[in-house]
Amino acid sequence: HTRTKAKELRSIIASAVLSDPATYSDAFLGQPTADYAKWIMHPDHWGGAIELAILSEHYRTEIASVDIQTLRIDVYGQGRGYAQRVYVIYEGIHYDPMALTFDQSLPEDLDVTIFAPDDKIVESKAHAVAAEAKKRHQFTDTAKFDLRCLVCQEGLVGAKGATAHAKATGHSNFAEYR
């Protein structure tokens with residue numbers, strides 16, 4: 001519910017993965033379970049669908065992920081009878097929590113972040129925020145964005161280009177440029 005819970009959320013995810021190796025197998029995670037659990041604890045790392053599903057189950061809350069580029073809303077925990085929903089907005093690389101605020105000058109703890117799962121007005125507002133962000137091109141197209149290797153300065157295209165470059169050179173420090 002606050003902007004400073006990242007370490008706690010990472011710990012919940014690592015514990016869930018370590019406690020259920022049948023569901024969160026090495027093949028499913030793309031790396032050994034113990035390595036993944038260590039990786040997710042690092043403050044510079046975050047995940048996506050796997051992590052949202054774990055958090056949804058842990059908090060018994062639907063998590064609606066609103067994708068700016070596609071305007072798609074994926075709801076984790078949907079159909080499980082959870083009585084509440086939260087929203088995150090996805091800009092192609094990062095997820096950020098969405099909140100309903102009545103005045104930006106008010107303290108964060110007055111933001112409304114938990115809603116009824118069937119509240120179509122809130123869902124519509126979340127969709128409208130994403131549509132406005134899309135109109136302003138406030139998303140990253142990870143298939144087509146331009147990157148530069150900050151080690152050798154080579155220009156690259158998309159996540160696949162960065163992955164291939166990293167495998168070929170061992171470089172792993174990239175930045176987007178326009």
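Sequence positions, counted from 1, serve as the residue numbers for this chain.
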Full working for side chain to side chain donor-acceptor pair (under 3.5 Å) between T101 and D111: CA-CA 5 Å; T101 184; D111 289 352; 3.1 Å; yes
Evaluation steps, side chain to side chain contact (heavy atoms under 4.5 Å, CB included), between V88 and V66: CA-CA 6 Å; V88 295; V66 186; over 6 Å; no
Compare all side-chain heavy atoms of [X] with those of [Y] and state whether any distance is below 4.5 angstrom.
{"X": "L18", "Y": "Y36", "answer": "no"}
{"X": "V157", "Y": "L147", "answer": "no"}
{"X": "Y95", "Y": "E51", "answer": "no"}
{"X": "H165", "Y": "H171", "answer": "yes"}
{"X": "Y59", "Y": "L9", "answer": "yes"}
{"X": "I50", "Y": "Y24", "answer": "yes"}
{"X": "R80", "Y": "R60", "answer": "no"}
{"X": "Y82", "Y": "E57", "answer": "yes"}

About how many Å separate [atom2] of [Y] and [atom1] of [X], when rounded to the nearest 0.5 Å?
{"X": "L156", "Y": "C149", "atom1": "CG", "atom2": "SG", "value": "6.5 Å"}
{"X": "F115", "Y": "M98", "atom1": "CZ", "atom2": "CE", "value": "8.5 Å"}
{"X": "Q31", "Y": "I40", "atom1": "CD", "atom2": "CD1", "value": "9.0 Å"}
{"X": "E62", "Y": "S56", "atom1": "CD", "atom2": "OG", "value": "7.0 Å"}
{"X": "H58", "Y": "I12", "atom1": "NE2", "atom2": "CD1", "value": "3.5 Å"}
{"X": "D67", "Y": "H127", "atom1": "CG", "atom2": "NE2", "value": "10.0 Å"}

Would you name the heavy atoms of [X] and [Y] that are closest together and state the gap between them?
{"X": "S65", "Y": "L52", "result": "CB-CD1, 4.2 Å"}
{"X": "A16", "Y": "I54", "result": "CB-CG2, 3.5 Å"}
{"X": "A83", "Y": "P117", "result": "O-CD, 3.3 Å"}
{"X": "A126", "Y": "Y87", "result": "CB-CD2, 3.7 Å"}

Within the side chain of [X], is there an N or O that forms a donor-acceptor pair under 3.5 Å with the backbone of [Y]?
{"X": "K134", "Y": "Q69", "answer": "yes"}
{"X": "R10", "Y": "H42", "answer": "yes"}
{"X": "T163", "Y": "A159", "answer": "yes"}
{"X": "S19", "Y": "S15", "answer": "yes"}

Check against side chain to side chain contact (heavy atoms under 4.5 Å, CB included), V75 and I63: CA-CA 6 Å; V75 182; I63 300 176; over 6 Å; no
Path from [X] to [Y] over hydrophobic side-chain contacts below 4.5 Å:
{"X": "V129", "Y": "F102", "result": "yes"}
{"X": "L71", "Y": "Y90", "result": "no"}
{"X": "L100", "Y": "I73", "result": "yes"}

Whichever hydrophobic residues join L110 through chains of side-chain contacts under 4.5 Å: L106
Q84: partners by side chain to side chain donor-acceptor pair (under 3.5 Å), with sequence neighbours left out: T61
Residues which pass side chain to side chain donor-acceptor pair (under 3.5 Å) with D26, listed by chain and number, not counting sequence neighbours: T33
Check against side chain to side chain contact (heavy atoms under 4.5 Å, CB included), V17 and L29: CA-CA 9 Å; V17 165; L29 296 171; 3.5 Å; yes
Derivation of the salt bridge (Lys or Arg N to Asp or Glu O under 4.0 Å) call for D146 and R148: CA-CA 7 Å; D146 292 320; R148 182 166 313 282; over 6 Å; no
